[in-house]
Protein chains: 2
Amino acid sequence: MGAETAALAAIASPRRREILRLAWQQERPAGEIHRAMGDLTFGAVSQHLRALHDAGLLELRAVGRHRLYRARREAFGPVGELLERMWDDALWRLKQQAELLERRRGPQPRRLARRRKGTT
Amino acid sequence: MGAETAALAAIASPRRREILRLAWQQERPAGEIHRAMGDLTFGAVSQHLRALHDAGLLELRAVGRHRLYRARREAFGPVGELLERMWDDALWRLKQQAELLERRRGPQPRRLARRRKGTT
DNA sequence: CAATCATTTTAGTTTTAACTAAAGTGATGA
DNA sequence: TCATCACTTTAGTTAAAACTAAAATGATTG
């Protein structure tokens, strides 16, 4: 998967978007990202970090017992600009927040909403 | 899910991107989209169309026994601009084509590549 | 060296996206 | 009205994403 296609896949996930936002401008230790992410376990966060790193979207630097992550912005191409536009847009932020809260029950969403039996 | 968030989810999928590209500028009957989509069954295409329609990303008009789909471009916001940039970019097109072919075996990819046992 | 801290990895569960095959629907035309 | 066309829907399968809990790793500190 090319890095830019990986970027498209990554930004489809609210959790991944959140991680990328946190690590977009500065390096952040995994623990700090975890603390900022709400009710996820550390393990889950670590798995997201690994996936993003494997996809070439995060870079990693070890300092003592900390591991510092930062977005590899150059890997995102035009997708990076989209993210920045989203994050700068107050309306968008509100909507995201609403959706995050709304889904604080049940596991996590993967993709689009899909057909349910009697939805027609 | 807001339409724009749905748009993010939609463009993560190569099939959905392809459908959106086909229905971006003009209405297209489902059958034409199917024919343009390669080796998928009609049923599978119909399911994608339904998902995109449910998400507010496609509009639908019935004419005789045909069903004409067209992208609701206004629902995409900045994501629409990204799509247009991608489709105008010859390099992107090549990469996409390569990835489509590459995966003409096995079912379909969902997201990011993820940890495999001995990948470290 | 032992304890601790920061983090990663593994194993196992649940949910669901994407698909196929086949049955179902509704408009059209002979 | 019966067959056909253009689709949609259903049922069932497969593969994988997201998560939790717990074990493992590796650096640091006493």
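Excluded from the calculations below are hydrogen atoms, water molecules and symmetry mates; all remaining heavy atoms, backbone and side chain alike, are included. In what follows, every chain begins at residue 1, and chains take the letters A, B, ... in the order their sequences are listed.
Heavy atoms of B:Gly43 sit under 4.0 angstrom from at least one base atom.
Rounded to an integer number of Å, the gap from CZ of B:Arg15 to C1' of C:dA17 is 13 Å. In this structure, CG of A:Asp54 is placed 15 Å from C1' of D:dA16, rounded to the nearest angstrom. Separating the CZ atom of A:Arg61 from the C1' atom of D:dG26 is a distance of 18 Å, rounded to the nearest angstrom. When rounded to the nearest whole Å, the span between CE of B:Met37 and C1' of C:dC19 equals 12 Å. What separates CG of B:Leu60 from P of D:dT8 is a distance of 7 Å, to the nearest Å. Protein atom CG of A:Leu68 is 10 Å distant from nucleotide atom P of C:dT8, rounded to whole Å. Between the P atom of D:dT9 and the NE2 atom of B:His53 lies a distance of 11 Å, rounded to the nearest Å. The interatomic distance linking B:Arg28 (CZ) with D:dA6 (P) rounds to 17 Å, in whole Å.
Phosphate contact (OP1/OP2 of D:dC19, side-chain N/O of A:Thr41, threshold under 4.0 Å): absent. Between B:Tyr69 and D:dT8 there is a side-chain polar atom (N or O) within less than 4.0 angstrom of OP1 or OP2. Distances shorter than 4.0 Å separate some side-chain N or O of B:His66 from OP1 or OP2 on D:dC7. Residue B:Arg67 has no polar side-chain atom (N or O) positioned under 4.0 Å from OP1 or OP2 of D:dA6. Distances shown here put a side-chain N or O of A:Arg50 below 4.0 Å from the OP1 or OP2 atom of C:dT9. At C:dC19, one or more side-chain N or O atoms of B:His48 fall inside 4.0 Å of OP1 or OP2 (strictly under the cut-off).
The 5' end of DNA chain D is approached more closely, in terms of each residue's nearest nucleotide, by A:Val45 than by the other of A:Gly64 and A:Val45. For A:Ala44 and A:Arg65, each mapped to the nucleotide of DNA chain C holding its nearest heavy atom, the one lying further toward the 5' end belongs to A:Arg65.
End-to-end axis angle of the helix from C:dC1-D:dG30 to C:dA30-D:dT1, from C1' rotation axes over five pairs per end: 0° (rounded to 10 degrees).
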Item to complete: With side chain to side chain contact (heavy atoms under 4.5 Å, CB included) as the test, would you mind laying out the steps for A:Arg50 and A:Asp54 before giving the verdict?
Response: CA-CA 6 Å; A:Arg50 196 221 226 258; A:Asp54 285 358; 2.9 Å; yes
Fill in: side chain to side chain contact (heavy atoms under 4.5 Å, CB included) between B:Leu40 and B:Arg15, intermediate numbers included
CA-CA 10 Å; B:Leu40 268 188; B:Arg15 305 281 213 207; 3.6 Å; yes
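A:Tyr69 is not listed as a side-chain neighbour of A:Ile19, based on a closest heavy-atom distance of 4.5 Å or more.
Each side chain to side chain donor-acceptor pair (under 3.5 Å) pair with one or both residues in residues 23-32 of chain B, not counting sequence neighbours, appears once here: B:Trp24-B:Glu84, B:Gln25-B:Arg73, B:Glu27-B:Arg61, B:Arg28-B:Glu32.
In terms of polar N and O atoms assigned as donor or acceptor, the side chain of A:Gln47 never comes within less than 3.5 Å of the base of C:dT7 in a complementary pairing.
When all heavy atoms of A:Ala36 and A:Glu18 are compared, the pair lying nearest together is O-OE2, 4.4 Å. Closest of all the heavy-atom pairs between A:Pro78 and A:Glu4 is CD-OE1, 3.7 Å.
The side chain of A:Arg16 approaches D:dA18 more closely than any other nucleotide in the set D:dT9, D:dA18, D:dT8.
Between atom CZ of residue B:Arg85 and atom CD of residue B:Glu81 there is a gap of 9.0 Å, rounded to the nearest 0.5 Å.
Here the side chain of B:Arg17 pairs a donor or acceptor atom with the backbone of B:Ile11 at under 3.5 angstrom.
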